[in-house]
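Before any comments, here is the structure.
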Amino acid sequence: MTKTEGRLLIALAAVLIQLMLAGTGVAEVVDRIVAEVNNDIVTLSELQNMAKTVEAQAGIKPRGQEEKKMQREMLEALIDRKLAKAEAKRRGIVVSDKEIDAAMAQFKQRNNIPDDETFAKGLAQAGLSVKEFRAQLADQMTQERLLVMVVGTKVSISDAEVRRLYEQQFKKGGTQVHIVTIRMPFPPGSTEAQKEEIKQKAETILNAVKRGESLAGAAAQFSLKVSDVGFVSQSDLDPRLAEYLDKLKPKEVAPILTQEGIQLMQVVARRSGEARPFEAAAPEIRRILQQQGMEKFFAEWVKTLREKAHIKIML
């Protein structure tokens, strides 16, 4: 497995953790075609599945004009994916079932998913089947391989660019906080009684931690999992959240209530962040810039596929 595919699994891991906590209540929708792409189509269900994934990553559901804007952006992304997938097939790029099996096994191992039943249940709660998840994973892996094939060595990063990003983002130190979280979203269309039930669960967990129980142990009684964010710089957080967390003592847990649900946050520890020397940070910075450059080149290349394609949007 390539490093790029490894990063993909890490990204999808975060998505699945959110999906497994996202609750039930998925509405049944009659499928229809929302776009034609050459000899292929984009269906409403594909668009909705992508929306669920994006919303799970962000932890919020946009409303009104923002929702319409995001829906159109996701449709454009799906059209690009169809074009890239067709081009990958033309170039003979294939992701085998064995490779997908290996990727999924690694995925479940990294996220401590004990068995296939738990895995399938978590996906089902978000309205996704294992088959659909495998298809998404295969598409992502295929596109990553196409990206490498198309871009190749066309992107080069200068020492000056590496130095510039180091000065902008990596040189600063400052206070860092080690955060762990539990996300407890309200089910879609939940009643006040359902919301109150989730609030009571959160209160039970908070009281258990105050009595000396670990956060993970307190959450386990409700089959909730703790997500370890690791150390993050306070300067990278929303100022209001940073101020809120700054008042917490180590191991103390605080609830954050939003319209979407409740998030329990625990500050495990604090430390003074020390800037890494340029020589130590440079390889990572170069990889970041290389990936950004490749993705930018790939996006421009996909535009050339669009110019030659028959695309009809019916959304």
Side-chain angles (χ1 to χ4, degrees), residues 9-24 56-60 104-126 174-187 190 193-238 240-274:
L9 289 178
I10 294 171
L12 286 177
V15 173
L16 184 60
I17 290 170
Q18 300 290 344
L19 294 179
M20 293 181 73
L21 300 178
T24 56
Q57 282 180 304
I60 60 173
M104 291 184 70
Q106 184 178 357
F107 178 89
K108 287 183 280 190
Q109 182 180 11
R110 287 183 176 181
N111 290 279
N112 298 315
I113 300 173
D115 50 49
D116 292 340
E117 182 180 354
T118 303
F119 180 64
K121 182 179 179 181
L123 290 175
Q125 286 177 338
T175 301
Q176 297 178 333
V177 287
H178 182 183
I179 301 171
V180 295
T181 68
I182 298 175
R183 186 171 177 269
M184 305 175 69
F186 298 139
S190 56
Q194 289 174 308
K195 292 180 180 180
E196 186 60 33
E197 182 181 355
I198 291 176
K199 291 177 184 178
Q200 290 298 324
K201 289 181 180 179
E203 188 66 29
T204 300
I205 294 173
L206 289 170
N207 290 334
V209 173
K210 289 178 182 178
R211 293 194 302 266
E213 191 171 346
S214 70
L215 182 60
Q221 62 180 303
F222 299 113
S223 300
L224 297 175
K225 291 187 177 182
V226 175
S227 297
D228 192 333
V229 181
F231 277 99
V232 296
S233 296
Q234 282 197 179
S235 59
D236 292 335
L237 298 173
D238 180 278
R240 292 169 297 178
L241 178 59
E243 182 180 0
Y244 184 59
L245 295 179
D246 197 45
K247 298 176 182 178
L248 298 182
K249 299 176 182 178
K251 307 297 182 183
E252 188 176 358
V253 180
I256 298 176
L257 178 63
T258 68
Q259 291 183 342
E260 286 73 37
I262 298 173
Q263 188 168 18
L264 302 180
M265 303 191 73
Q266 182 182 55
V267 173
V268 179
R270 290 184 175 87
R271 71 184 183 188
S272 296
E274 297 182 1

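Counting begins at 1 with the first residue of the sequence.
- Not counting sequence neighbours, Asp228 has no partner by the salt bridge (Lys or Arg N to Asp or Glu O under 4.0 Å) test.
- The two residues Met184 and Ala202 come nearest to each other via the heavy atoms CE-N, 3.7 Å.
- The two atoms that bring Ala216 and Val226 nearest to each other are CA-CG2, 3.7 Å, heavy atoms only.
- Distance check: Glu196 CD to Phe186 CZ gives 9.0 Å after rounding to the nearest 0.5 Å.
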Exercise for the section: Evaluate the criterion side chain to side chain contact (heavy atoms under 4.5 Å, CB included) for residue pair Lys251 and Val268; output intermediate values, then yes/no. Expected result: CA-CA 5 Å; Lys251 307 297 182 183; Val268 179; 3.6 Å; yes
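- A donor and an acceptor atom, one from each side chain of Thr204 and Asn207, are nowhere located under 3.5 Å apart.
- When every heavy atom of Tyr244 is checked against every heavy atom of Ala254, the shortest pair comes out as OH-CB, 3.3 Å.
- To the nearest 0.5 Å, the span separating CG on Leu215 from CD on Glu252 amounts to 12.5 Å.
- Of all non-hydrogen atoms in Arg270 and Leu245, the two that sit nearest each other are NH2-O, 2.5 Å.
- Looking at heavy atoms from C-beta onward, Thr181 lies out of side-chain contact with Gln266 at the 4.5 angstrom threshold.
- From Ile205, atom CD1 reaches atom CD of Gln221 across 6.5 Å, with rounding to the nearest 0.5 Å.
- Contact check for Met104 versus Phe119: side-chain heavy atoms found under the 4.5 Å cut-off.
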Practice task
Please report the C-alpha distance between Val209 and Leu264 in whole Å, then the side-chain angles of each, then the deciding distance to 0.1 Å, and finally whether the side chain to side chain contact (heavy atoms under 4.5 Å, CB included) criterion is met.
Solution key: CA-CA 11 Å; Val209 173; Leu264 302 180; over 6 Å; no
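- For the pair Pro114 and Thr118, the tightest heavy-atom approach, listed with the atom from each and the gap, is CG-OG1, 3.7 Å.
- With values rounded to the nearest 0.5 angstrom, Ile182 atom CD1 is found 9.5 Å from Gln263 atom CD.
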